[in-house]
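One structure is given here, and the rest of the page talks about it.
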Amino acid sequence: MNGPPVERTVAQCLVGHELARRHLAVGLSGGLDSVVLFHALAAQAGAFDLTLSALHVHHGLSPNADRWTDHCANLCEACRVPLRVVRVSIDPHDPRGIESAARAARYDAYEAEPADAVALAHHADDQAETVLLQLLRGAGLPGLAAMPGRRRLRSGALLLRPFLDLPRPVLLDYAVAHGLAWVEDESNADDRYRRNALRRHLIPVLDRHFAGYRGTLGRAARNAADAAHLAEVLGRLDLTTCETPGGLSIAALAVLDPVRRANVVRTWLRGQGIDAPPRDALLEGLAQMVTASDNAQPELCFGGHRLMRYRDRLHVVGAAPAEVRPWCFEWRGETVFTLPDGRCWTARRALGAGVRASSLTGGEITLTPRIGGERIRIATNRPRRSLKNLLQEAGVPAWERKQLVIVRRDGVPVHVPGLGTEPDHAPAVDEPGWVFEEADPAVGRPH
């Protein structure tokens, strides 16, 4: 496709992503970059029978925010393009920082946009700045890959960045040539924001001494993206031999070299929506996991989670709970109830399962945590044994033992959910029983 770079790039995007006769929403801030993208798309919408709309996120952070919204509305009205304005509230004390919180709010808006694709105006200068920022943060491959030109949102729509190979001066030339007007964000002059400090002080030096830095850093990002993809492919391949029900096989991890071992664990955690620990901590933690004795229980704490070894498996669990304090809940037939420790539980009737219904009448029925020293019989013709030994034999990890609930009749343990029931209180196959289970507090549904 021939023509000026902006027009050519937009046409290639529409053709390459098969957007003819589709609905495309453009993220419109009112700044130079997004105004150029909006104008170029509006100019070609007819040729592609494109349904074009615009999305403006009003952050409310600037005293000029309403003026920016008005500018976007006037621009869309002139081009007869519908505009959706999403107003968000940003907490200035958000621990992620104002920039990150505002970015998250924008992407929430993109996810909710009813379109086949959302186009953003990030360009080669933005990409170069992102690579440098990620380098200075010590990011891994996914971070160094910076912004992809295309990815899927959770909604299924495409997120497109057609200008990633175009430097900002090209966009400025287009805007001047077409007499476009745009707004300037005064916060771009605030060096408290790292991107601004980089853009205003470091980038000019790079531009003087490395004129092709945009293309070079863009290539570096693509190379990092390729390497990150290969690492993900290898991680998934290793999962086929390492993953076991509920965790990863210690024996399978032990035969991998340290870097590959860390990679498969990152892949496993990512599949559960969990950010992995920092590189050095992960390498050292895994080295301890695979060399620990069978009865050792090493753990690695990170970001509200713990990697823990129990016997021959690596598990990921939540942060260590506070010390269990004695509590007692008197059960009176509730089907959904909250225990004193805050957990939601359910009780449901079932034939031949749980505790015999008749055993739960005529006495005081309570639920308590495991305190220690409890003894229970869970098999006919077997003596009562310590609950600790029964849990060890059943392979219940230590962190799960602390969360156990014991059902008692007149203070005597008769049932441990997930482990078993005293034979004298277990229902026959055709006899009604009560099944006790922890539940999702939002819906009262068993986990």
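Heavy atoms only: backbone and side chains are in, while hydrogens, waters and symmetry mates are out. Just so you know, residue 1 is the first one in the sequence shown, and it goes up from there.
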Quiz item: Just by modelled atom types, is the Asp126 backbone N or O under 3.5 Å from a matching donor or acceptor in the Arg168 side chain?
Solution: no
Self-check item: Thr421 (side chain) donor-acceptor with Gly354 (main chain) under 3.5 angstrom
Solution: yes
Quiz item: Should the ring pair Phe329 and Phe337 be called parallel, tilted or perpendicular, given that the plane angle runs from 0 to 90° and is split at 30 and 60?
Solution: parallel
Self-check item: Check: Arg270 side chain, Gln272 main-chain N or O, donor-acceptor pair, under 3.5 Å
Solution: no
Quiz item: Any donor and acceptor pair, going by atom type alone, linking the side chain of Arg306 with main-chain N or O of Glu299 inside 3.5 Å?
Solution: no
Self-check item: Side-chain donor-acceptor pair present, Thr244, Ser249, cut-off under 3.5 Å
Solution: no
Exercise. If a pair satisfies salt bridge (charged side-chain N to carboxylate O under 4.0 Å, His left out) and one of its residues is in residues 233-255, list it, with sequence neighbours excluded.
Key: Glu232-Arg236, Asp238-Arg260
Practice problem: Would you mind telling me which of Val131, Asp165, Ile203, Asp207 makes a side-chain contact (heavy atoms from CB on, under 4.5 Å) with Arg214? | Solution: Asp207
Practice problem: Look at the aromatic rings of His56 and His58 and report parallel, tilted or perpendicular, splitting at 30° and 60°. | Solution: perpendicular
Quiz item: Are Glu374 and Arg408 within salt-bridge range, i.e. N to O under 4.0 Å?
Solution: yes
Quiz prompt | N-O pairing of Glu437 and Arg348 below 4.0 Å | solution = yes
Quiz item: Is Asp424 salt-bridged to Arg409, cutoff N-O under 4.0 Å?
Solution: no
Quiz prompt | Any donor-acceptor N/O pair, Asp312 side chain to Ile250 backbone, under 3.5 Å | solution = no
Quiz item: Do Asp191 and Arg199 sit within salt-bridge range, that is, some charged N less than 4.0 Å from a carboxylate O?
Solution: no
Quiz prompt | Point-to-point distance, once rounded to the nearest 0.5 Å, from CG of Leu159 to OH of Tyr110 | solution = 8.0 Å
Quiz item: With a 4.5 Å limit on heavy-atom distance, are the side chains of Val86 and Val88 in contact?
Solution: yes
Quiz item: Under 3.5 Å, side chain of Asn263 to main-chain N/O of Ala231, donor-acceptor pair present?
Solution: yes
Exercise. Return yes if some donor-acceptor pair links the side-chain N/O of His23 with the main-chain N/O of Pro114 below 3.5 Å, else return no.
Key: yes
Self-check item: Salt-bridge criterion met for Glu334 and Arg332 (N-O under 4.0 Å)
Solution: no
Quiz item: Is Ser100 reaching over with its side chain to a backbone N or O of Gly97, donor-acceptor style, under 3.5 angstrom?
Solution: no
Quiz item: Which pairs pass salt bridge (charged side-chain N to carboxylate O under 4.0 Å, His left out) with one or both residues in residues 103-118, sequence neighbours excluded?
Solution: Arg22-Asp116, Arg84-Glu113, Glu111-Arg154
